[in-house]
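Data first, discussion second: the structure below is written as structure tokens.
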Amino acid sequence: MRKLVFITILITIFTACKNQKTIATGYQGQGKSAVVSTLSKPVQKQWKGIWSFEDDNLFFSNDFESGRLNGVTADGDNHYTALITAENTPVNVSPWYAFKVWSNTPKMITIKMTYQDSRSRYYPKISTDGENFTPLDSVNFTVLNKGTGTFGINAAPEFVELKINVGEKPTYITAQELYGSTRVKKWIDSLSTKNYISNYEIGESREKRAMNLMEVSNGTYKKAVLVISRQHPPEVTGFLAMKSFIETLTGDSPKAEKFRDNYDLFVVPLMNPDGVDNGNWRHNMGGIDLNRDWQDFNQPETRSVRDFLVKKENEGYEFVFGADFHSTWDDIYYPIDSTIIGKKGDIVFNWIENITKRLPQKHTNIKPSTEITPTMVSRNYFYVNHGMPAIVFELGDNTPRDFLKLKGKVAAEELMDLLLE
Ligand SMILES: [Zn+2]
């Protein structure tokens, strides 16, 4: 008996230390979202084109999907300064950039990256085809005026300098991998060659881009899972985990087949096509953070998903699970607190636990929310208005890409197991 008490105390101390350590080093996530108006605001539409430095025989361009470059100056000696500004302010500190550079005479240049009221959050990715990206070699990356904080934007440098070998073939320099609306549509079209997958428009964005929905349906089971992603344009790592998640749910494994024999799946992979294609830091072209618009529905992108869900419910559908994929400084889960959601949330918490068991190599913080009204964010709307157990699934900006893929796959497998129990 005494031995048991002693062990219990030891375990308690150990657990307390462990929690302490998590608090000291882990990302605890953001606080409650402030209530803000989501009525449209003016947006600065970016000038698109080519900056030609004829004397240097050097060219910059932002004229492609997701491009963002707001100005360049030539400083002499193959040194250039790039300016990156936001679509409007105030805006979250996620300074997205994407441009290409080329020259008819191969040489090495230095580019100093500067940002409007922000710091250098995203480590540069390099590509020559716009599809395959690698992080810039660290020997070509210099931090100027490094951050004083230990985490988040305060830990990021104010400026950075990149050394780039330029040649005739343009080099893409981007904040994250490029997944504009064309590339995303190509992906859903490639999946839609399977006879149980289709995709169609459920609405249009403010600039009349398609709001594409992918439907995975093998019959009509009237029980469905909903997945959305990219409300926030730079959050590509969340998109990549979502992509792997969907590829697993739609794959050829016996488990996935069984899942599809019991459930339908609806996916909106690109919630903010205007923001993504315009290279915005955060907002849609109404100048609004879409993930604050799930109460008032002032923006067409959120309205299209709301109307779709209402229509499906009128057809007799029950949504049994919802996930909204995002990216932030580190991996984190934002479920609805169990004191609010009760038994209905068990599937979410069991799911988190099962994923964690299978992926012990990387710690993921969990921050349950107790505030669900006004709904404002997608997860709250899904639960409050449609009774859907839902979660915000956040991946880190720098989470290794092979791990993102693995996590998406494991998350899909564990969800299928729980839904098929
Ligand atoms: Zn986000």
Side-chain angles (χ1 to χ4, degrees), residues 27-36 38 66 68 86-97 118 121-122 151-153 156 175-181 184 205 211 226-243 245 267-295 299 301-302 305 322-336 364-369 371-372 375-383 390-399 404 407-408 411:
Y27 179 46
Q28 292 302 300
Q30 57 196 26
K32 191 190 164 209
S33 302
V35 178
V36 286
T38 58
S66 301
R68 176 155 294 262
E87 60 275 16
N88 66 350
T89 58
V91 66
N92 177 279
V93 284
S94 40
W96 173 265
Y97 56 87
S118 197
R121 171 168 176 173
Y122 296 109
F151 199 83
I153 198 71
Q176 296 286 29
E177 295 86 336
L178 288 179
Y179 275 91
S181 64
V184 174
S205 65
M211 292 296 295
L226 176 72
V227 175
I228 67 171
S229 135
R230 283 312 269 295
Q231 293 198 74
H232 301 139
E235 300 184 3
V236 174
T237 56
F239 172 85
L240 291 171
M242 183 278 307
K243 183 169 175 282
F245 184 75
V267 189
V268 183
L270 200 53
M271 276 297 304
N272 186 357
D274 292 352
V276 165
D277 286 0
N278 281 289
N280 287 1
W281 290 19
R282 179 81 165 182
H283 300 150
N284 72 341
M285 286 312 273
I288 293 301
D289 180 342
L290 290 177
N291 208 25
R292 298 294 178 272
D293 191 39
W294 296 85
Q295 172 72 37
Q299 301 301 320
E301 293 87 354
T302 35
V305 176
D324 181 6
F325 285 79
H326 288 254
S327 309
T328 183
W329 301 94
D330 201 356
D331 292 16
I332 187 164
Y333 299 111
Y334 288 115
I336 295 170
T364 302
N365 285 290
I366 307 170
K367 191 175 186 198
S369 306
E371 306 280 348
I372 54 168
T375 49
M376 289 200 312
V377 303
S378 61
R379 178 204 59 202
N380 296 350
Y381 172 77
F382 294 162
Y383 174 63
I391 188 168
V392 179
F393 198 102
E394 299 255 13
L395 286 307
D397 296 334
N398 299 317
T399 300
L404 290 178
K407 195 167 187 177

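Note that these values count all heavy atoms, side chains included, but never hydrogens, waters or copies made by symmetry. Each ligand, and each atom within it, is numbered from 1 in the order the structure gives.
Of all N/O/S atoms in His326, ND1 sits nearest the Zn ion (ligand 1). Here the N, O or S atom of His232 that is nearest to the Zn ion (ligand 1) is ND1.
Residue Glu235: an N/O/S atom is found under 2.8 Å from the Zn ion (ligand 1).
Neither side chain, Glu87 nor Asn278, offers a donor N or O lying under 3.5 Å from an acceptor on the other.
Contact detail for Gln295 and Met376: the closest heavy-atom pair is CB-N, 3.6 Å. A pairwise comparison of heavy atoms in Pro269 and Phe239 identifies O-CD1, 3.8 Å as the closest pair.
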Inset, instruction - I would like to know whether Glu301 and Asn284 meet side chain to side chain donor-acceptor pair (under 3.5 Å); could you show each step before the answer? - result: CA-CA 9 Å; Glu301 293 87 354; Asn284 72 341; 3.0 Å; yes
